[in-house]
Amino acid sequence: MSIPSVLALSLEEASRRLTEAGFEHEVEVLLPPRDREEDFAGQAVRKYVVRQQVLSCNKILLTVVYRV
């Protein structure tokens, strides 16, 4: 089974494609050192995949960044 490339896609689209292809995934957020996820509460944040890493034969780790 081939893992679909989801780099540069929105997290929503990447999740959909991986699920349809039969892969589980985890999400890791990459923020600047002084920022926290709570700092973005209430803002219209878009999340994009900047890295995908295979954890096991059926599980992928997606690293995402925020864009406001």
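- A 4.5 Å side-chain heavy-atom check between K59 and E26 finds at least one atom pair inside the cut-off.
- Cluster annotation: L31 and V64 are assigned to the same hydrophobic cluster (Ile/Leu/Val/Met/Phe/Trp/Tyr, side-chain heavy-atom contacts under 4.5 Å, transitive).
- No path of Ile, Leu, Val, Met, Phe, Trp and Tyr side chains, each step under 4.5 Å between heavy atoms, connects L62 with L55, placing them in separate hydrophobic clusters.
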Extract all donor-acceptor atom pairs below 3.5 Å that involve side chains of residues 42-54 and protein atoms in other chains or at least two apart in sequence.
| unit_1 | atom_1 | unit_2 | atom_2 | d |
| --- | --- | --- | --- | --- |
| Q43 | NE2 | D39 | O | 3.3 |
| Q52 | OE1 | V6 | N | 2.8 |
| Q52 | NE2 | P4 | O | 3.2 |

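- Under a 4.0 Å N-O distance rule, the pair R16/E13 qualifies as a salt bridge.
- When the side chains of ILVMFWY residues are joined at heavy-atom separations under 4.5 Å, either directly or via intervening members, V68 and L11 end up in a single hydrophobic cluster.
- To the nearest 0.5 Å, atom OG of residue S5 and atom CG of residue L18 are 9.5 Å apart.
- A 4.5 Å side-chain heavy-atom check between E37 and V29 finds at least one atom pair inside the cut-off.
- Atoms CZ and OG, from F23 and S2 in turn, are 7.0 Å apart once rounded to the nearest 0.5 Å.
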task = Check the pair I60, E24 against side chain to side chain contact (heavy atoms under 4.5 Å, CB included), reporting the backbone distance first and the verdict last.
result = CA-CA 6 Å; I60 310 297; E24 296 178 32; over 6 Å; no
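- Counting heavy atoms of neighbouring residues, nucleotides and ligands inside a 6.0 Å radius, atom CD of E20 exceeds 12 of them.
- Hydrophobic clustering (side-chain heavy atoms under 4.5 Å, transitive across Ile, Leu, Val, Met, Phe, Trp, Tyr) groups L7 together with I3.
- No single ILVMFWY cluster, assembled from side-chain heavy atoms under 4.5 Å apart, contains both V65 and L9.
- When side chains are defined from C-beta on, D35 counts as touching F40, because their heavy atoms get closer than 4.5 Å.
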